[in-house]
Structure formats: structure tokens, C-alpha cells
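Read the numbers this way: they start at 1 and go in the same order the structure lists the ligands and their atoms. Predicted, not measured: the structure shown is a model, and the values here were computed from it.
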Amino acid sequence: MPDDHMTPDEFREYGKEVIDWIADYYKWVETYPVLSQVKPGDIRSGLPPSAPQKGESMSAMLDDMDHLIMPGITHWQSPNFFAFYPCNSSGPGILGELLSAGLNVQGMNWVTSPACTELEAHVLDWLVEMLDLPEKFRSTNAGGGVIQDTASSATLCATLAARERATDGQSNHVGADHSLVAYASHESHSSIEKALRIAGIGTDRMRVIPTDESYAMDAHELEDQILRDKAEDFKPFIVYGTVGSTSSGSLDPLESIGSICQREGIWFHVDAAMLGTAALCPEFRYIQEGLEYADSYCFNPHKWMFTNFDCDCLFVADRNALTRALTINREYLGDFPSKSAGEDNYRDWQIPLGRRFRSLKLWFVIRYYGVEGLQKHIREHVEMAQEFARWVDDDPNFERLAPVSLQLVCFAHTAGNDITKSLLDSINASGKIYLSQTMLRGRFTIRISIGQANTRKRHVRAAWELIQKTARELAL
Ligand SMILES: *Cc1c(COP(=O)(O)O)cnc(C)c1O
């Protein structure tokens, strides 16, 4: 009887083709226009209106990858990608992800694949040591780490845990507490406001704290706002600090914020999605000074640590605070004995029930590079960004608009917002490099984020030359 599933032998054959395809992709990625050049609708218009009735050949599908899909790809893996933040992959990251796809286990409970739970807990304990995070985040203490899809989910989980703690476990009941208020700076990530909306706190209860001249949260303003809120019978329940804000790369003063939180009994969540990886290098650990005060902390290996998307690590100081907020047992979910054996079910640490075996790729990356290998790349990126900042400072046509936060440089053309915007638009339209933008105190700002895994000095140099040349052309 013919089997219409792909047989293991067919899989072996096509799998090799796909691996070859990916290897070629990495070989040539530098030559592609970084920003996809298609117009809205171009990709869909190349696709048939309905699904095929009969199965098609793998060669037809791979052919369509080249002709239909590739033109619509913006190349995040290009060394000339300097926009937003990196979304890095690596050989070991891709292969770990592939093995995870191959096994395709669903690790909701310890028993549904013990390796999925135990490897994750273990690798996150490794990270506590690798990044010199507070010992309380270790699973062997009261805390522990868990892999989430994104920092947005990590922030939402932290928010729910904080809400639960602030309402003495009543947060899941209607009308439990309508007086909760949260605090984050102007520069905080949009995912924080989104988490507050989802958690039922609401945008109106997010107090936006002003920042100082370096775009860091002003801790005095935070303290004043907390006192004002308490005087009006609001209940402050969470403060979000940021290590490396998306807009400017700013660093909130964790120590001052943390001591206020401790005194007031407020949950302190630290979002280091991008810059957290820098703590692999002892000389950059100043960015997380004061982290001892944090109740929860997250960073994204899928940004700067060469681990394929998606992979965010969330650490909590008290795992019970998190699982109290998120545990719902049903008979059909089974597996209560494993809990008594001391194993947590990670379904109680996250929003969805099901979960992928994400720790495999992280484990592969850490083992393949070793701590020293990872440190080397981070140091190179930081060095390149510092050098880029010096070039900006030395050119009278350009001005830096924020302190360099390790790998992000924010700058503008001195001729003003319109010229800076046209400059960015024409550079990105060229397809040679991809940069992104922000607004800093009314100034249209170009951001160059240096951290793509394959970026070398020559790429950064060429990017700067292109920026200067384009600016000269625009001025004509
Ligand atoms: C990138 C980033 C986020 C959002 O990351 P996701 O993982 O995509 O949700 C949040 N906060 C900061 C500081 C970031 O850099």
C-alpha cells in the first residue's frame, strides 16, 4: 500500500537538499538587498488562489521558495542588517531548532518529556552563572528560569505574578482590585503597556515616568509619583525597569529604582531583552547593577546570543509567585505526582498550555561557542559600535543624540529632521544596508544597531561611507 506520508528515506533525501539550500543562503546572504524590494500584494499575487487538491512535489515547493518567497524576504541574517535589533541565528542554533522540530515533543508537564523540562531548568541555571545574575534566580533556590517565546510574554507573566502578589491571591476574581497602578519610563517598550492591557490593569493605570538627559528613568520622579498615588488610595504593584531601551539604548538606574520598590513592597521587573546578553562579559556587567532587587528579569538570546527565534529567558526570584498566578489543574491534564517529586510543570510558568523544546537550540549554541566564543563576538560588536560613534562625532555634518549603549548608536544629520528622514529613506531604498529610526526629544533619529552575527568591521565601515556619500548627494 503506498504511503502518502514522506518516508524516512525520502525525508533524508529532501532534508539534505534543504540543508544545502540553507547553507547556500548563508553563503550568499550578503549579496541580497537587505530590505525586501516588493510592493504590498506582490507576494500574494504570485500564489494560486486555492490550495492544491493533490499533493505536489518537493522540487516544486523548493523552486517556489526561490522564485516566490525569496523576493519577499528582508534579510535579518545579512551582515548589512542594522535596523531595530538583531534577530540572530547560527549554525548550532538552526540545528538545535531542527532537532526540536524532529522530536516535536510538547513539554507542558515534566512527564510529557522529562528532558524538555530538565534541560531547560539546567541551561537557565547555567545562564545565571554565565551572566552573573543574582543567585536567587537559580532553580536550586526559591526562584528559577523558564523559556518564553518573547520578552512580551515574559513581561505579561511577570505582570500577572505581581498582580497576584499585590492582591493576596485574589487577582483572578472580578472586582478584586481596581486600584492597581504600574510604573515605567517614557522609554519603556510597547510590550509593557500591552501586558497591562491584557492583564486588565489598563493603559490609564500605567504611570509614565519622565527620564533624565540620558533617557534613563528619573528615580526621584518615580518616588514622587508613587507617593502621590498612595495618597490617592491607589495601590502601586509593579515597576518596570529597562536595561537597554529600544529607542535610545538607555539604562534605567536599577539600584535606585530597586531600593524604592523594596521599601514600598512593589514588584520590580527588569526588561533587558536586547542588552542582557552583554553581561556575558564581566566588563559590561555594570548595566545590571542593582539587579539583586529584581523580582523578575528577562532577556532574549534570540536577539544577540545567536539563538534562533524564538527564545526569551525569564527568571523569577520566587517561582511560587509566578505559578500561583498561572496554575490551573484539570484531571485531563494529569501528572500531579511529578510535582510531589519536586519537578515543576512548565505549563504553570507561561500563558499557553503547550510548549516547544526550545532549550535544545540554546544548549547547542552555548556548547558550540563556549562562554569565551560568545564573549568574543559581543566584544567585537561593542567595539565596532564605539568606533562608529567616533566617526559620527568627528563629522561636522552629523550629531549623536544619545549616549552609546554598547551596540546602539543614535544620530542625525545636523541639517534637521527632513534631511535626516530623506537620508534614511534613500539609504534603505538602496537595499545596501537597512537602518531604522526613532524620535528623541523631537529630533528624527537614525539608529544603527550593530550586533548581527555576521557583521564585520568592513560592513560597518561601508555603512558609514554609504551614509556620508548619500548625505553629500542629498545636499546637492
Ligand atoms: C526587543 C525588546 C522587547 C520585545 O521583544 P519581544 O521578544 O519581541 O517581545 C521588549 N523590550 C526590549 C527592551 C526589547 O529590546
Side-chain angles (χ1 to χ4, degrees), residues 74 76 81-89 93 131 145-160 182-199 206 208-209 211 214-217 238-254 257 268-279 284 287-288 291 294 296-315 350-352 355-356 358 361-362 378 381 385 402-410 436-438 440 447-452:
T74 289
W76 289 74
F81 185 98
F82 300 106
F84 312 105
Y85 273 134
C87 178
N88 279 330
S89 67
L131 301 168
V146 57
I147 300 180
Q148 304 275 338
D149 52 4
T150 58
S152 303
S153 296
T155 298
L156 176 56
C157 288
T159 304
L160 296 172
Y183 305 80
S185 90
H186 252 293
E187 291 286 298
S188 67
H189 195 265
S190 57
S191 54
I192 289 171
E193 184 173 341
K194 194 185 266 191
L196 289 167
R197 287 188 192 178
I198 297 170
M206 173 172 161
V208 180
I209 306 300
T211 53
S214 69
Y215 300 99
M217 186 193 285
I238 189 168
V239 177
Y240 305 91
T242 306
V243 172
S245 64
T246 305
S247 179
S248 66
S250 59
L251 305 166
D252 283 343
L254 305 187
I257 299 172
F268 185 29
H269 176 70
V270 176
D271 172 10
M274 173 61 207
L275 283 195
T277 299
F284 303 139
I287 61 172
Q288 61 190 29
L291 196 57
S296 51
Y297 172 75
C298 75
F299 87 106
N300 288 0
H302 75 223
K303 279 182 168 164
W304 203 11
M305 217 175 102
F306 317 120
T307 307
N308 281 56
F309 192 83
D310 47 1
C311 184
D312 166 275
C313 297
L314 169 67
F315 294 91
Q350 61 172 23
I351 310 296
R355 61 200 324 275
R356 315 199 300 119
R358 292 195 188 88
K361 59 190 171 189
L362 188 54
I378 298 307
H381 289 151
V404 184
S405 87
L406 300 181
Q407 57 73 246
L408 177 70
V409 184
C410 295
S436 63
Q437 67 198 56
T438 191
L440 292 174
R447 298 164 75 262
I448 183 167
S449 162
I450 298 173
Q452 211 291 321

Exercise. Can a non-hydrogen atom of Ser245 be found less than 4.0 Å from any atom of ligand 1?
Worked result: no
Exercise. Measuring from the heavy atoms of Asp312, does anything fall under 4.0 Å of ligand 1?
Worked result: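 Asp312: no contact with ligand 1 (<4.0 Å).
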If the cut-off is 4.0 Å to any non-hydrogen atom of [X], which atoms of ligand 1 fall inside it?
| X | result |
| --- | --- |
| Gly244 | 13 (C) |
| Thr246 | 12 (C), 13 (C), 14 (C), 15 (O) |
| His302 | 7 (O) |
| Tyr85 | 15 (O) |

Pairs of nitrogen or oxygen atoms closer than 3.5 Å, one from [X] and one from ligand 1: do any exist?
| X | answer |
| --- | --- |
| Lys303 | yes |
| Ala151 | yes |
| Ser191 | no |
| Asp271 | yes |

For this session: Answer with side chain, backbone, both or neither: which part of Ser152 has a heavy atom less than 4.0 angstrom from an atom of ligand 1?
Result: both
Exercise. Heavy-atom contacts under 4.0 Å between Met274 and ligand 1: side chain, backbone, both, or neither?
Worked result: both
For this session: Pick out which of Ser185, Ser245, Ser188 makes a side chain to side chain contact (heavy atoms under 4.5 Å, CB included) with Met217.
Result: Ser185
Sub-3.5 Å donor-acceptor pair from the side chain of [X] to the main-chain atoms of [Y], do we have one?
| X | Y | answer |
| --- | --- | --- |
| Gln452 | Trp76 | yes |
| Arg355 | Ile147 | yes |
| Gln407 | Ile450 | yes |
| Ser436 | Ala83 | no |

Exercise. Under the side-chain contact (heavy atoms from CB on, under 4.5 Å) criterion, do Ser250 and Thr211 qualify, and how do the steps go?
Worked result: CA-CA 10 Å; Ser250 59; Thr211 53; 6.0 Å; no
For this session: Please report which non-hydrogen protein atom sits nearest to atom 4 (C) of ligand 1, along with the residue it belongs to and the distance in Å to one decimal place.
Result: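 Looking only at protein heavy atoms, the one closest to atom 4 (C) of ligand 1 is His189 CE1, 3.3 Å.
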For this session: Just say parallel, tilted or perpendicular for the rings of Tyr240 and His269, cut-offs at 30° and 60°.
Result: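 Plane angle over 60°, so perpendicular.
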For this session: Say whether Thr242 and Glu187, considering side chains only, have a donor N or O and an acceptor N or O under 3.5 Å apart.
Result: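 The answer is no; no qualifying pair exists.
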For this session: Check step by step if side-chain contact (heavy atoms from CB on, under 4.5 Å) holds for Val270 and Phe299.
Result: CA-CA 9 Å; Val270 176; Phe299 87 106; over 6 Å; no
